[in-house]
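Have a look at the structure below, then the notes.
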Amino acid sequence: MPLSTIILAAGQGKRMNSDLPKVLQPLAGRPLISHVLEAADKLGADQNYIVYGHGGELVRAACRDDSLNWVHQAEQLGTGHAAAQAIGHIPDDHTVLVLCGDVPLTTVFTLGQLTDAGAGGLAVLTVVMDDATGYGRILRDPDGRVTAIVEERDATPEQRVVREVNTGLIASKAKHLKRWLGQLDNKNAQAEYYLTDIVGLAVAEHVQVEAVEAVSPDEVLGINDKLQLAEAESIYRRRITEDLMRGGVTIADPRRVDIRGSLRCGRDVVIDINAVFEGDVVLGDRVVIGPNCIIRDSHLGEDTQVHANSIVEQSSTGARCQIGPYARLRPESTLADEVKVGNFVEIKKSSLAFGSKVNHLTYVGDSEVGQRVNVGAGTITCNYDGAYKHRTVIGDDAFIGSGVQLVAPVRVGSGATIGAGTVVTRDAPDGKLTVGRARQGTVEGWRRPVKKLPK
Ligand code: UD1
Ligand code: CA
């Protein structure tokens, strides 16, 4: 059956105390609403209708997806009013799943159950909470059939004792929803049009109402403030680290690793504390990530080790590379197999071929480095003339001494040796020693100045 979602996202999110609209607050490195859209997508929704209001233009700009349908709710008159703005666009034969832009962690499994249950009539997603304060309560008759949802502020003391609550997520047929949403009124404590009142309307029509219970309160956590945002982040982190550990990854302390995006690992990967993974990261078999590393949108080949305090961004390595400690691979760096990038080395937009070593205190930018090249400590590619970037090309088996400046554009030949301290401004030929440095002299009889003491 065709499926449409209505994603309620018009609320202000005042409790965030932020200039950023609530549904754009980042969870695991991307907006809350993108988690909801991802779930809708995995569920196979044909159309998504986002009801927006406060900060709507920012939300639309952030979502940049032409297939989304945007429905404006000028005044926030309640969840029922919000859903009513979208329902007119949806064909009668669609199943409709109502989601909330600030409830990002619901599993596709649970949403699938809710959708299936709602296809026949009406289904609400509920959860049992230790403390139900603030939520709409699920009322059932003596046979356990759902009869109504009552909001906290409209509930009697007896009703408030109920710990089964409405999560805000429902599913039904578009045809039914159109009818019920048209019948809502706002005669309640908050003078709002409550989406939850459709339960009473369905019961009155003898349409079956099913309650689907969420697996745990975690997956229906609504995010209203920064505390709940941090809680969601840790739930998300726990889910991902548990999956990784079940898949065989060794994580030194799952509470001290951050995964903001997707992390795929081969066999016997080891991740030390305080590692941060962002975007799409792939770690090959037996990769070791040391403490305090940041790895973003990168692919590391098998047996590669990234030592403490290194940053790898939009880069890739082959097998058996050694990186760090304190190394930085900036975007578009490509290391072949068995490359070594040591401490306080920065690599940018460069390729290093098999077995090359850049071990200490060096900057390699806009360069193409051949195989088995050795770059000495303190060497710098001078790639920028203040207006343009230029390339440095270093041939196979070259040996670059310490403290060399390679003023690009420049080429160092295969097997060439560059003497320490040389400023290379012209191409250095293959297989020869190139050295350019002021001749060393010793000044006889020279004395250091001495401070005269006051008399
Ligand atoms: C709602 C439910 C309550 C449930 C709770 C779960 C109703 C009447 N109550 O209460 O039973 O326990 O969620 O969190 O539905 N929104 C709009 N336009 C509006 C009002 C709200 O788009 O005019 C959006 C909000 O942005 C939010 C969602 O709807 O994403 C829920 O609104 P919220 O105000 O948080 O609902 P609650 O009063 O908490
Ligand atoms: Ca809420």
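These numbers come from a predicted model, not from an experiment. Whatever order the structure lists ligands and atoms in, that order sets their numbers, starting from 1.
Across Gln12, Gln190, Glu151, heavy-atom proximity to atom 10 (O) of ligand 1 is greatest for Glu151. Closest heavy-atom approach to atom 19 (C) of ligand 1 among the candidates Gly78, Ala10, Ala84: Gly78.
Near Gln76, meaning under 4.0 Å from one of its heavy atoms, ligand 1 places the atoms 18 (N), 19 (C), 23 (O). Close contacts between ligand 1 and Ala82 involve ligand atoms 17 (C), 18 (N), 22 (O) [criterion: under 4.0 Å to a heavy atom]. Residue Gln73 has at least one heavy-atom neighbour below 4.0 Å for each of these atoms of ligand 1: 17 (C), 18 (N), 19 (C), 22 (O), 23 (O). Proximity to Thr79 (heavy-atom distance under 4.0 Å) selects the following atoms of ligand 1: 7 (C), 8 (C), 15 (O), 20 (C), 21 (C), 29 (O), 31 (C), 32 (O).
With Thr304 contributing its side chain and Gly301 its backbone, the two residues share a donor-acceptor pair below 3.5 Å.
In this structure, Tyr384 has its ring center no closer than 6.0 Å to that of His390.
Residue Val51 has no N or O atom closer than 3.5 Å to an N or O atom of ligand 1.
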Q: Tell me, with the steps shown, if Ser34 and Arg30 meet side chain to side chain donor-acceptor pair (under 3.5 Å).
A: CA-CA 7 Å; Ser34 85; Arg30 61 204 170 89; 3.1 Å; yes
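Looking at Leu77 against ligand 1, only its backbone comes within 4.0 Å, counting heavy atoms.
Note: Tyr49 and His89 have parallel aromatic rings, judged against thresholds of 30 and 60 degrees for the angle between ring planes.
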